[in-house]
S.K.: 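This is the structure, below, for whatever I ask next.
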Amino acid sequence: MTIALHGKKVSRGIAIGRLHIIERNQPDIPEYIIEKSEVENEVQRFKQAVASAREQLSRIRNRVPSSAAADIASFIDTHLLMMDDVALTAEPIRLIRENYCNAEWALKIQRNALVDVFMQMNDPYLSTRRDDVDHVVNRIQRVLLKHTPLPHEDLDTRLSGTIILAEDLTPADTALMQQQGVTAFATEYGGPTSHTAILARSLGIPAIVGIHHATRYAREDDMAVLDGTSGVLLIAPDERTLEHYRHRQAEEERYYSSLSEIRESPCRTRDNITIELQANIELPSDFDTVREVGANGVGLYRTEFLYMNRETPPDEEEHYATYSKVMEILDGLPLTIRTLDLGADKQVDGGVQTGPVHTNPALGLRAVRLCLKEPALFRPQLRAILRASANGPVRLMVPMLSSLTETDQVLSIIKELKKDLREQGMAFDENLPVGGMIEVPAAAVCAEFFASRLDFLSIGTNDLIQYTMAIDRVNDEVSYLYDPLHPAVIRLIHCTLLAGRKHNIPVAMCGEMAGDPAYTRLLLGLGLREFSVHPAGLLEVKKIIMDSAINELTTMADEVMRLNSGRQIEDYLKTLN
Ligand code: PEP
Ligand code: MG
């Protein structure tokens with residue numbers, strides 16, 4: 001029987017393949033046999049992993065502020081105690097020695113045995129203890145997996161062609177999946193502008209989020225169809241359904257490849273107004289796509305990827321080498337490098353401490369706030385961007401500005417670094433444009449002041465909407481409130497565009513709203529002339545721009561400003577589109 005599950009569509013396209021289920025909160029565990037002579041090394045590897053997991057947890061424990069609720073600390077203490085328990089530390093060693101299996105697999109077997117015991121206890125309190133076992137086991141597994149001796153080709157072939165079904169995925173998991181040939185993914189949690197969803201769009205992987213309890217209805221290796229265009233996951237489809245989707249898949253592919261005809265055309269409206277249409281990039285695999293889709297440059301280079309899936313942060317030379325490589329590929333097209341935006345939904349392992357455990361990370365120490373607090377993190381990146389600016393058109397963009405004080409602090413660090421570079425005889429562009437992202441409502445309302453200090457602005461609607469509507473962008477339970485057409489959002493965008501015009505500086509938009517063809521005409525009518533969008537959606541937006549005439553859209557902005565709800569604006573746009 002076919003089961004149809006509905007969620008939020010976050011990345012279009014149709015994938016057909018076998019399901020690979022990543023169990024609840026559990027990393028994907030490889031299984032392999034080791035040589036007899038390797039057994040003691042494997043035991044050592046396991047012991048070291050337990051020791052580093054314990055150390056990580058102690059560090060977290062030390063960072064819990066004294067003001068935090070007492071149960072947070074005791075929760076971590078319980079986990080620390082469990083790491084000393086023989087059930088978790090000695091038993092996997094016995095399994096490695098007896099079965100010649102890898103440490104990850106031995107730990108997984110022992111975890112399953114412990115969870116079975118807890119589940120058999122008819123006591124609701126004890127059965128929730130399985131969560132504690134999972135927390136502790138997963139922490140050790142993640143350390144082990146980072147140092148897995150399994151050759152990467154094995155991982156690649158295992159996941160190649162599969163559709164991943166998981167409770168949730170981190171951006172780092174998503175980035176790895178593409179390298180492993182995963183064709184699509186669905187998760188039980190997550191919002192449409194979570195970083196994981198953005199990555200899926202930019203990788204061109206069909207994806208759906210927020211399918212609650214999906215893992216209960218599926219089994220490993222089930223045949224499935226994931227329709228990211230309408231947000232449906234079909235498990236065990238019959239032959240007729242499969243045929244229907246194969247047909248739709250081919251049609252969609254034909255439509256998107258037909259768009260490549262306008263790749264080389266200038267991005268101009270019917271009434272001859274040139275629109276800047278740039279690409280958002282992040283992963284190395286995005287670098288080539290900028291040229292492939294005919295973008296005019298890069299309006300947002302998210303540099304967080306440099307920190308993912310590794311243990312230490314990159315130094316100045318690595319930043320510089322990466323930017324130089326991107327510039328070489330862009331071959332003269334402008335590159336807007338956004339400085340680090342770590343924290344909140346962009347958690348990475350790269351050796352960066354984003355502070356103590358907080359209950360509202362999106363409102364905490366993230367992006368420029370973190371960078372200003374940690375100069376050792378910020379300055380190497382700024383120096384590298386300055387040095388890269390000697391080799392071609394680079395712009396530097398600062399995320400999450402909320403006050404002029406922060407802006408001035410950043411400008412003064414840049415000034416200081418320029419002085420150092422001059423003294424060291426290192427080349428850089430004296431006029432490197434420095435811009436800021438308008439993502440916090442306070443900055444949008446006061447955009448005029450930011451426009452007076454900076455060389456350009458770029459509206460980050462993903463965060464701007466999150467903060468305006470007071471919804472966590474990764475929380476699917478409140479994602480129904482995520483509304484780019486809410487009158488408050490439209491007003492903030494309008495206000496920012498007016499500020500740019502008043503101070504004669506460019507204002508771009510690089511949030512996901514810019515890449516959604518449903519909003520292209522509205523944004524043109526409001527006065528937006530620079531779009532930066534994920535490469536996979538660029539040509540669709542370009543087609544709408546080329547089919548639009550601005551002189552037919554100008555009265556529209558006034559009309560939209562009069563409407564008092566997102567629904568009214570949406571209905572009005574339907575007539576316009
Ligand atoms: C945004 O917030 O709109 C944006 C482009 O930045 P990010 O999605 O990386 O937070
Ligand atoms: Mg943002």
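Bear in mind the structure is a predicted one, so any value in this text is a computation, not a measurement. All ligand and atom numbering here is 1-based and tracks the order in the structure.
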S.K.: Of all heavy-atom pairs between Arg369 and Ser402, which one has the smallest distance, and what is that distance?
M.R.: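 So the minimum-distance heavy-atom pair works out to NH2-OG, 3.8 Å.
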S.K.: Output the list of atoms in ligand 1 that are nearer than 4.0 Å to some heavy atom of Leu300, sorted by atom number.
M.R.: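 Near Leu300, meaning under 4.0 Å from one of its heavy atoms, ligand 1 has 5 (C).
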S.K.: Is there side-chain contact between Val398 and Met437, with heavy atoms separated by less than 4.5 Å?
M.R.: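 Side chain of Val398 against side chain of Met437, heavy atoms only: no contact under 4.5 Å found.
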S.K.: Can you tell me how far apart NE2 (His494) and CG (Leu528) are? Round to the nearest 0.5 Å.
M.R.: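 Between atom NE2 of His494 and atom CG of Leu528 there are 11.5 Å.
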S.K.: Could you tell me whether any N, O or S atom belonging to Asp341 is less than 2.8 Å from the Mg ion (ligand 2)?
M.R.: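 It does not; every qualifying atom lies at 2.8 Å or beyond.
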S.K.: Hey, is CD on Glu559 packed in by over 12 heavy atoms from elsewhere, all under 6.0 Å?
M.R.: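 Yes.
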S.K.: Using a 4.0 Å heavy-atom threshold (strictly under), name the region of Arg338 that reaches ligand 1: side chain, backbone, both or neither.
M.R.: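 It is the side chain that touches ligand 1; the backbone stays farther off.
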S.K.: Does ligand 1 have any atom that is closer than 4.0 Å to a heavy atom of Met437?
M.R.: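 Met437 counts as a contact of ligand 1 under the 4.0 Å cut-off.
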S.K.: Atoms of ligand 1 less than 4.0 Å from Arg302 heavy atoms?
M.R.: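 Here the atoms of ligand 1 in question are 4 (C), 5 (C), 6 (O), 7 (P), 8 (O), 9 (O).
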S.K.: So if I count the atoms of ligand 1 from 1 in the order they appear, which ones are less than 4.0 Å from some heavy atom of Arg473?
M.R.: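 Near Arg473, the atoms of ligand 1 are 2 (O), 7 (P), 8 (O), 10 (O).
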S.K.: Number the atoms of ligand 1 from 1 as they appear, then name those within less than 4.0 Å of a heavy atom of Glu439, with their elements.
M.R.: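 What qualifies from ligand 1 is 1 (C), 2 (O), 4 (C), 6 (O).
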S.K.: Are any of the N or O atoms of Glu512 closer than 3.5 Å to those of ligand 1?
M.R.: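 In fact, backbone or side chain, Glu512 has no N or O that close.
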S.K.: Which single N/O/S atom of Asp463 lies at minimum distance from the Mg ion (ligand 2)?
M.R.: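 This turns out to be OD2.
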S.K.: Examine the proximity of ligand 1 to Ile459 and report which part, side chain or backbone, both or neither, has a heavy atom under 4.0 Å away.
M.R.: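 Neither part.
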S.K.: Do other residues, nucleotides or ligands put more than 12 heavy atoms under 6.0 Å from the OH atom of Tyr572?
M.R.: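 Count over threshold, so yes.
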S.K.: Are any of the N/O atoms on Glu304, whether in the backbone or the side chain, positioned under 3.5 angstrom from an N/O atom of ligand 1?
M.R.: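 N/O-N/O distance under 3.5 Å: no.
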S.K.: Roughly how far, to the nearest 0.5 Å, is the CG atom of Asp516 from the CD1 atom of Ile544?
M.R.: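 If we round to the nearest 0.5 Å, Ile544:CD1 and Asp516:CG are 8.5 Å apart.
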S.K.: Distance under 4.0 Å to a non-hydrogen atom of Gly511: what atoms of ligand 1 satisfy this?
M.R.: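 Per the distance check, 3 (O), 5 (C).
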S.K.: Going by side chain to side chain contact (heavy atoms under 4.5 Å, CB included), Ile281 matches just one of Asp286, Thr336, Leu300. Which one?
M.R.: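 Result: among Asp286, Thr336, Leu300, Asp286 is the only option passing the side chain to side chain contact (heavy atoms under 4.5 Å, CB included) with Ile281.
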S.K.: Using a 4.0 Å cutoff against the non-hydrogen atoms of Asp341, which atoms of ligand 1 qualify?
M.R.: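 Counting atoms of ligand 1 from 1, those under 4.0 Å from Asp341 are 10 (O).
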S.K.: Could you check whether atom NZ of Lys543 has more than 12 heavy atoms from other residues, nucleotides or ligands sitting under 6.0 Å from it?
M.R.: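 Open: at most 12 neighbouring heavy atoms sit under 6.0 Å from NZ of Lys543.
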S.K.: Ligand 1 versus Ile198, non-hydrogen atoms closer than 4.0 Å: side chain, backbone, both, neither?
M.R.: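 Contact part for Ile198 vs ligand 1: side chain (C-beta onward).
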S.K.: Looking at ligand 1, does Glu282 have a heavy atom less than 4.0 Å from it?
M.R.: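 Judged by the 4.0 Å heavy-atom criterion, Glu282 does not count as contacting ligand 1.
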S.K.: What atom name does the N, O or S atom of Glu439 nearest to the Mg ion (ligand 2) carry?
M.R.: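 Closest to the Mg ion (ligand 2) among those atoms: OE1.
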S.K.: So does Ala488 get a backbone contact from the side chain of His486, meaning a donor-acceptor N/O pair under 3.5 Å?
M.R.: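 Indeed, once roles are kept as given, a pair shorter than 3.5 Å links the two residues.
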S.K.: Any non-hydrogen side-chain atom of Phe378 less than 4.5 Å from a side-chain atom of Lys373?
M.R.: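 SC-SC contact between Phe378 and Lys373 ruled out.
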S.K.: How many angstroms lie between CD in Glu448 and SG in Cys495, if you round to the nearest 0.5 Å?
M.R.: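 Those atoms lie 7.5 Å apart.
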S.K.: Does only the side chain of Asn280 get under 4.0 Å from ligand 1, or the backbone, or both, or neither? Count heavy atoms.
M.R.: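 Neither part.
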